[in-house]
Amino acid sequence: MPEEIRLRIAPSPTGDPHVGTAYMSLFDRAFAHHRGGKFVLRIEDTDQARYNEGSVQEIINSLQWLGITPDEGPGIGGEYGPYVQTQRRELYSEHAEMLIKSGHAYRCFCTRERLAELHREQAGRKEPSRYDRHCLDLSEKEIEANLAEGKPYVVRLQTPDEGTTSFTDLIRGEITFENRVLDDTILVKSDGLPVYHLAVVVDDHFMKISHVVRGEEWISSTPIHVLLYDAFGWKTPHFAHMPLMRNADRSKISKRKNNTSIKWYREQGFLPEAMINFLALMGWSMPNGEEIFIYSDIEREFTFERVTTSGPVFDLVKLTSINGKYIRALSNDELYDRLLPYLPQGMDLDRVRLVVPVIKDRLTRLGEFEELTAYLFGPPPDYDASTLVPKKGTPKSARTALQRTRDLLENLPEPWTHEKWEGGMRALATDLGIKAGDLFMVLRVAVTGSTMSPPLFESIEILGKEETLGRLDRAIAKLG
RNA sequence: GGCGCAUUCGUCUAGAGGCCCAGGACACCUCCCUCUCAAGGAGGAGACCAGGGGUUCGAAUCCCCUAUGCGCUACCA
């Protein structure tokens, strides 16, 4: 029987949904579906101190927005639930108990103070910081007495003193650790909740996870996990440690140096398909070298062999560039629909529809629309009268140019469409003895309030006759 | 400090012994197009493949060493 392919993303609900979660989810889902398997969401909320209410829903929403939804998970269902660790605590306690019975783990009653002291001493001697097994050989009687006294305790894994533990990483090959450098890691905290290492192994086993895909940061603790699988007599899953996305200084991507919240990208108006494309490019490439592709392409082509080993720097500039490409590829109707959530209340939607085609090539994020087109929905920004005057012109010549254009526009026959104006304006420029470009620049400033703007004639058309003439009048007045 | 992972243009990467005096993309520069800004098109600059040793007729590609970066080293994940 072929192996059932099941991958999971296991975020901790500790804050805003993180791009790293999206990054891992993307590859988890792509690989799982590539092989006809399932992508599972599991919430690792055993750290109650950092727990954040609402975070779970936001993670789900973010994955949904990106189009990389889980097949199983909290609120979604599936036959291996519950998918929230705090709802599985019985399981962990039972298994910790099993490990104690089988001699693979032991209770440790050491106080935090003693451990802190131990660490200090070891640091002073420049030794690696490891538990000294003070509680390893406690007698039955001592343990009973401590328990009867209600002394808090943790459960520790007893790691072997000799030999090595190794595993094969799908991206990096075989990785080996000396067992003697392994610490007797805490498996169950004194609050009775498991630590990541125990919970992840137990859950991955019972949820039938075939491939553990996670960040590179977990490589060091994988031997602990392998030891646990062995202790339970379970088959180890495949492991793949993805490279870590980095800040510009190459440190692990962080909130301080990057926008790590998926919500932020959504609010800015990055398209989900651009995000996916960009994230996929971080550490992975298409076999045919294509750099613009959609999720289904990734799903079709994904293999771990094509994942890079070194951590890519997260480059917002490149993301923005890809986003622009996706925006330009949208039809006008589609772009209009996508823009709606980014528009302020009460915006003239009929006008928005007219503006979409002229702004499309200039948008890099949907969130820019309002700012870029403000002059088409309200008064143009205030500008200095001197801006109206071309380099080689004078206030007087600018004034004349504006006045003549005003007359021209005022007497134009209906309908008010821009295609037929340009000839007349060019003729006017000739008549005035100035370059057409200079004339257009004077008008641009008068109409848009800026020397840089979307196309002038389309803008005039969208604004309408009355508004345009008004702006020309105001410009003329500015020039005295 | 210990252990581990990594190291090709500024950045993302292609490259799995000869096709590479290293290809593409983003950014940058120039030109074209053009009413400005964009978009688009055409060029350009940019990597002695971290360094040093091997192996080989031949290495970015295999091996070793060094350096550097990063990660882990919590009753966080």
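All values below were derived from every heavy atom in this structure, side-chain atoms included, with hydrogens, water molecules and symmetry-related copies excluded. Residue numbering restarts at 1 for every chain, and letters A, B, ... go by the order of the sequence lines.
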- Mind checking the C1' distance from C28(B) to C65(B)? Whole angstroms is fine. 38 Å
- Applying a 3.5 Å limit to both distances, which nucleotide forms a Watson-Crick or G-U wobble pair with A16(B)? none
- Under 3.5 Å donor-acceptor pair, Glu216(A) side-chain atoms to G71(B) base atoms: no
- Message: Is a donor from one side chain sitting under 3.5 angstrom from an acceptor on the other, for Asp203(A) and Tyr92(A)?
- Response: yes
- Report the nucleotide, chosen from A6(B), U73(B), U36(B), that has the shortest atom-to-atom distance to any side-chain atom of Ser310(A). A6(B)
- Given Ser453(A), Ser459(A), Ser450(A), the one that forms side-chain hydrogen bond (donor to acceptor under 3.5 Å, both in side chains) with Arg444(A): Ser453(A)
- Task: Establish whether the base of C75(B) is bridged to the side chain of Ser190(A) by a donor-acceptor pair shorter than 3.5 Å.
- Result: yes
- Query: Any donor-acceptor pair under 3.5 Å joining the side chain of Arg250(A) to the base of C70(B)?
  - Reply: no
- Item | Watson-Crick or G-U counterpart of C49(B), or none if no pair lies under 3.5 Å | none
- Message: Can you say whether a donor on the side chain of Arg444(A) sits under 3.5 Å from an acceptor on the base of C35(B), or the other way round?
- Response: yes
- Message: Can you tell me if Arg130(A) touches the phosphate of G2(B), counting only side-chain N or O atoms and a distance under 4.0 Å to OP1 or OP2?
- Response: no
- Message: Does U13(B) have its OP1 or OP2 closer than 4.0 Å to a side-chain nitrogen or oxygen of Thr308(A)?
- Response: yes
